[in-house]
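In what follows, a structure is listed as structure tokens, so that the remarks can point back to it.
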Protein chains: 2
Amino acid sequence: MRKPEVRERILEFIRHSFDDRGYAPTVRDILKGCNLSSTSVVQHHLNTLEKEGRIHRDPQVVRSIQLMKKDVVEVPLLGAIAAGKPIPVPSSDTWTTPPEETLKLTTDMVGNKSNIYALKVKGTSMVDALIDDGDTVVMEAVPTAEDGQMVAVWLKDEQEVTLKKIYREPGRIRLQPANKQMKPIYVKPQNIEVQGKVVAVLRRLSR
Amino acid sequence: MRKPEVRERILEFIRHSFDDRGYAPTVRDILKGCNLSSTSVVQHHLNTLEKEGRIHRDPQVVRSIQLMKKDVVEVPLLGAIAAGKPIPVPSSDTWTTPPEETLKLTTDMVGNKSNIYALKVKGTSMVDALIDDGDTVVMEAVPTAEDGQMVAVWLKDEQEVTLKKIYREPGRIRLQPANKQMKPIYVKPQNIEVQGKVVAVLRRLSR
DNA sequence: TGTTCTATAGAACATTCGTTAAATATAAAT
DNA sequence: ATTTATATTTAACGAATGTTCTATAGAACA
């Protein structure tokens, strides 16, 4: 008899335990909380959940259950972005690991992406993308993007980075500001280089 | 002999335990990790830390140490804001507690405020505040605000809510859009009501 | 029908771990 | 010098908790 519902209830109970009390439940907590009848039953389901990769436990360590779905993601704050400067993404080989500044975000905001980093926006050159001086943009490092996505593009001729929505058109590329009242600009495909995809924009006020 | 340094080291060790392993250390973990000599010493310092309000422990519960400085804050997502509608802030007495939608944020983003809630922005009527359709604004429920802060104001005559920077001037109030290219509007003090202070603006792209 | 896999039950064992007590030491305060 | 508050040491108790062993039962399957 397959009983996946029981394990869902157990997972739910574990989540509640973290939310309500701040730490993981014991086997016997789960026993009572889920109306089960024996610690062996709980052990069995926990072993299964661990095989499925949905939780992790350190053997012999009490209250060591960890949910594999992470809640908070720490992204590196790599530097500043400003029109006229390339984005300072470190190449993999020049990966200096100084006391990096990091920003803690939640998966509610960035999902479960990897290759995520954040940049501070300097100057008001992105207002047409509804991005203000001092805002933080969260980027995903991808070399290409789909139509309609907001990307950071390096304009080779102009020697300038800008954030725009990208649309491929026959023979040219349309870069559309997020602000609908503003006109798009058109560039030759050879003139641009996608530096990354904008995943989120954050603005903190009243500091 | 005052020994606050030891307790700082203990706190640091607890933080590391959470970061590295995902759960709190035991008294004996701290003993080894901080090169102390007896469980009683650890108990003593933990009791002091708890009296100081820097940690919390549930008696008899193993690995129940919780750091009081929270990392992630759960804010209620109360509804939508749109020009022409008052903000749906529930009054304290009408505090229905239905299965509220919540948004997990980090203190990196909102600080350690209380009375925080989030609203989804509907429509493009706030573009002059650099806020787009679909953005999320994080608000702090305050009845008043200082000059220069971005606030949600209810314009009684116009029957409309808008987000602007507020400046008190002799005999009138200036409401300045965040977008510097746009003109401010002026209103009579009796015509406005501050609904809350904007703490942060969030925009998720490429969902 | 027999085999196998999964779920459940009850009991007991072995550690881990919070807690306490009593004695000593050390520094600060009076 | 005496008192008082804080810090350390040693040892041990007992509760909390992970783990294991054995037995049973139902379902799927050949």
Side-chain angles (χ1 to χ4, degrees), chain A residues 1-70, chain B residues 1-70:
Chain A
M1 181 182 15
R2 291 286 184 293
K3 278 284 186 66
E5 328 84 45
V6 182
R7 290 190 208 112
E8 297 307 321
R9 269 170 46 219
I10 290 178
L11 281 178
E12 193 54 34
F13 180 79
I14 295 172
R15 269 184 223 107
H16 265 101
S17 183
F18 277 111
D19 287 349
D20 296 348
R21 315 200 292 168
Y23 41 82
T26 64
V27 170
R28 285 166 179 83
D29 286 342
I30 298 173
L31 179 134
K32 289 167 198 154
C34 296
N35 278 319
L36 301 175
S37 45
S38 167
T39 58
S40 303
V41 179
V42 180
Q43 287 280 19
H44 175 248
H45 289 306
L46 289 180
N47 288 335
T48 307
L49 284 169
E50 184 147 30
K51 269 179 202 140
E52 292 172 351
R54 311 185 58 181
I55 64 169
H56 175 71
R57 291 201 295 166
D58 291 353
Q60 321 285 352
V61 177
V62 305
R63 295 185 185 278
S64 68
I65 299 177
Q66 298 156 69
L67 294 170
M68 285 296 92
K69 180 185 160 292
K70 277 175 306 207
Chain B
M1 180 182 15
R2 289 290 180 293
K3 280 284 187 64
E5 330 83 45
V6 181
R7 289 189 209 114
E8 297 309 320
R9 268 169 47 219
I10 290 178
L11 281 178
E12 192 54 34
F13 180 79
I14 295 171
R15 267 185 223 105
H16 265 102
S17 183
F18 276 112
D19 287 349
D20 296 348
R21 314 201 290 169
Y23 42 83
T26 65
V27 169
R28 286 167 179 83
D29 286 341
I30 299 173
L31 177 123
K32 288 168 199 152
C34 295
N35 278 318
L36 300 176
S37 46
S38 165
T39 59
S40 300
V41 179
V42 180
Q43 286 280 21
H44 175 246
H45 289 304
L46 289 180
N47 288 335
T48 308
L49 284 168
E50 184 147 29
K51 268 179 203 141
E52 291 172 351
R54 310 184 59 180
I55 64 169
H56 176 71
R57 292 200 294 166
D58 291 352
Q60 321 285 353
V61 177
V62 305
R63 295 186 185 278
S64 67
I65 299 177
Q66 298 156 69
L67 294 170
M68 285 296 92
K69 180 187 160 292
K70 276 174 308 211

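Here is the naming used below: chain letters follow the sequence lines, and residue numbers restart at 1 for every chain. Values below: all heavy atoms of this structure, side chains included; hydrogens, waters and symmetry mates excluded.
An OP1 or OP2 oxygen of C:dT8 is reached within less than 4.0 angstrom by a side-chain nitrogen or oxygen of A:H45.
Rounded to whole Å, atom C1' of C:dT6 lies 14 Å from atom CG of A:L49. D:dT10 atom P lies 13 Å from atom CG of B:L36, rounded to whole Å. Put simply, CG on A:N47 is 14 Å from P on C:dT8, counting in whole angstrom units. Across the protein-nucleic acid pair, A:L31 atom CG and C:dA7 atom P stand 17 Å apart, rounded to whole Å. As rounded to whole Å, 13 Å separates atom C1' of C:dA7 from atom NZ of A:K51. The interatomic distance linking B:H44 (NE2) with C:dT26 (C1') rounds to 13 Å, in whole Å.
Every side chain to side chain contact (heavy atoms under 4.5 Å, CB included) that A:V62 has, sequence neighbours left out, goes to B:V62, B:R63. Qualifying salt bridge (charged side-chain N to carboxylate O under 4.0 Å, His left out) partners for A:E12, counting only residues two or more places apart in sequence or in other chains: A:R15. Every residue meeting the side chain to side chain contact (heavy atoms under 4.5 Å, CB included) condition with B:L49, not counting sequence neighbours, appears here in chain and number order: B:R7, B:I10, B:L11, B:L46, B:E52, B:R54, B:I55. Remark: B:F13 pairs with B:P25, B:D29, B:I30, B:C34 by the side chain to side chain contact (heavy atoms under 4.5 Å, CB included) rule, at least two apart or across chains. Residues passing the side-chain hydrogen bond (donor to acceptor under 3.5 Å, both in side chains) test with A:H16: none are found, sequence neighbours excluded.
Summarising the base pairing, D:dA30 is matched to C:dT1 through a Watson-Crick or G-U wobble pair whose two defining distances lie under 3.5 Å.
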Distances under 3.5 Å between protein N/O atoms and the N/O atoms of nucleotides 15-19 of chain D, please, pair by pair.
from	atom 1	to	atom 2	distance (Å)
D:dT17	OP1	A:R63	NE	3.2
D:dT17	OP1	A:R63	NH2	2.7
D:dG18	OP1	A:R63	N	3.1
D:dG18	OP2	A:V27	N	2.8
D:dG18	O3'	A:Q60	N	3.4
D:dG18	N7	A:R28	NH1	2.8
D:dG18	O6	A:R28	NH2	2.8
D:dT19	OP1	A:Q60	N	2.9
D:dT19	O4	A:T39	OG1	3.3

